[in-house]
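One structure below.
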Amino acid sequence: MHSFLSRSNTIFAFTLSVLAALTFGCFLSTFFDANQADVILRSGKAQVKSVREMGSSGERSDLGYLTLDMKTNMNRIFNWNVKQLFLYLVAEYKTDKNPINQVVLWDRIILRGENANIDLNDISPKYYFVDDGQGLKGNDNVTLTLYWNVIPNAGILPHIGGHGQHKIRFPDEYAPSTRG
């Protein structure tokens, strides 16, 4: 004869197995979605200034200034399995010191039910654009790309890049600085 605990354990294990199978089915129903969107990026006049590092070394670093325009519609990415989107704008460039540099300039979290249509004009980056040396002055190959992570209810966390990039050319001369 089976005891009450034995029967409860069997029911509990069966219930968990069914829930795991349903969750996997939910994951598969949206796994093959592309989650892509077209992105229009533009920038205003770029400037570069030489500033002292905040650390103890006191070395000088390049600080990039620019304004941004960004337009995209993320509404079509949202489906029943998307909890939120994490968007971030990355500047990617190459210097003599480092073959790959990536700096996050802006980010935003969009929850399900919020307006996912982004139309930003003449905004400043949310985060400082600092190079760890003098790699921005005269750099003509800084590429802006909007990436996002889809945070699902069930499934993997994909890393997706938008269709549409923008290249920036920084000037060969430093802009006048008021301090530093």
Side-chain angles (χ1 to χ4, degrees), residues 35-78 82-152 156-180:
N35 295 322
Q36 289 292 333
D38 293 325
V39 179
I40 299 171
L41 296 169
R42 291 188 201 95
S43 67
K45 182 181 176 190
Q47 295 181 348
V48 63
K49 293 185 179 184
S50 181
V51 296
R52 256 185 246 280
E53 268 189 33
M54 298 295 180
S56 62
S57 68
E59 293 179 15
R60 300 202 65 84
S61 296
D62 285 354
L63 175 63
Y65 288 95
L66 64 145
T67 57
L68 302 167
D69 296 341
M70 184 180 336
K71 186 171 185 163
T72 185
N73 187 352
M74 299 295 201
N75 284 314
R76 66 183 220 175
I77 293 176
F78 279 93
V82 175
K83 215 186 297 189
Q84 66 185 24
L85 293 176
F86 176 67
L87 287 76
Y88 52 102
L89 182 68
V90 176
E92 300 174 89
Y93 59 101
K94 183 173 128 177
T95 61
D96 294 335
K97 189 175 180 181
N98 298 310
I100 299 173
N101 295 280
Q102 295 180 320
V103 179
V104 175
L105 300 177
W106 175 90
D107 65 8
R108 179 179 284 175
I109 295 173
I110 302 175
L111 301 173
R112 182 195 335 231
E114 291 181 358
N115 183 13
N117 189 18
I118 296 173
D119 190 5
L120 303 173
N121 295 307
D122 203 33
I123 63 162
S124 295
K126 190 175 180 180
Y127 306 108
Y128 287 116
F129 189 177
V130 178
D131 183 64
D132 64 345
Q134 285 82 35
L136 289 180
K137 183 175 92 168
N139 196 327
D140 61 350
N141 197 20
V142 178
T143 304
L144 298 178
T145 307
L146 184 69
Y147 292 100
W148 55 88
N149 290 108
V150 177
I151 290 81
I156 62 171
L157 182 76
H159 173 257
I160 300 160
H163 293 296
Q165 297 178 333
H166 178 69
K167 292 205 184 281
I168 300 171
R169 184 186 190 309
F170 280 97
D172 294 327
E173 300 294 326
Y174 288 117
S177 182
T178 56
R179 60 177 200 197

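Every residue meeting the side chain to side chain donor-acceptor pair (under 3.5 Å) condition with Tyr88, not counting sequence neighbours, appears here in chain and number order: His159. Listed by chain and number, the residues in a side-chain contact (heavy atoms from CB on, under 4.5 Å) with Asp38 are His163 (sequence neighbours excluded). With sequence neighbours excluded, no residue satisfies ring pair (Phe, Tyr, Trp, His ring centres under 6.0 Å) with Tyr127.
Under the salt bridge (Lys or Arg N to Asp or Glu O under 4.0 Å) criterion, the residue pairs touching residues 126-135 are Asp107-Lys126, with sequence neighbours excluded. Within the structure, every pair that satisfies the ring-ring contact (aromatic ring centres under 6.0 Å, His included) test and touches residues 92-114, not counting sequence neighbours, is listed here: Tyr93-Phe129. Within the structure, the salt bridge (Lys or Arg N to Asp or Glu O under 4.0 Å) test picks out the following pairs touching residues 159-170 (sequence neighbours left out): Arg169-Asp172.
Taking a 6.0 Å sphere around CG of Leu157, one finds it holds more than 12 heavy atoms contributed by other residues, nucleotides or ligands. Counting non-hydrogen atoms of neighbouring residues, nucleotides and ligands closer than 6.0 angstrom, the CG atom of Asn115 exceeds 12 such neighbours.
Side chain of Trp148 to main chain of Gly162: no donor-acceptor pair is present (N/O by atom type, distance under 3.5 Å, no hydrogens or angles). Looking only at distances, a side-chain donor or acceptor of Arg60 sits under 3.5 Å from a matching main-chain atom of Ser50.
In this structure, a donor-acceptor pair under 3.5 Å is present between the side chains of Asn75 and Asn73. His166 and Thr143 share no side-chain donor-acceptor pair at under 3.5 Å.
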Leu89 vs Leu68, test: side-chain contact (heavy atoms from CB on, under 4.5 Å). Steps then yes/no. CA-CA 10 Å; Leu89 182 68; Leu68 302 167; 3.5 Å; yes
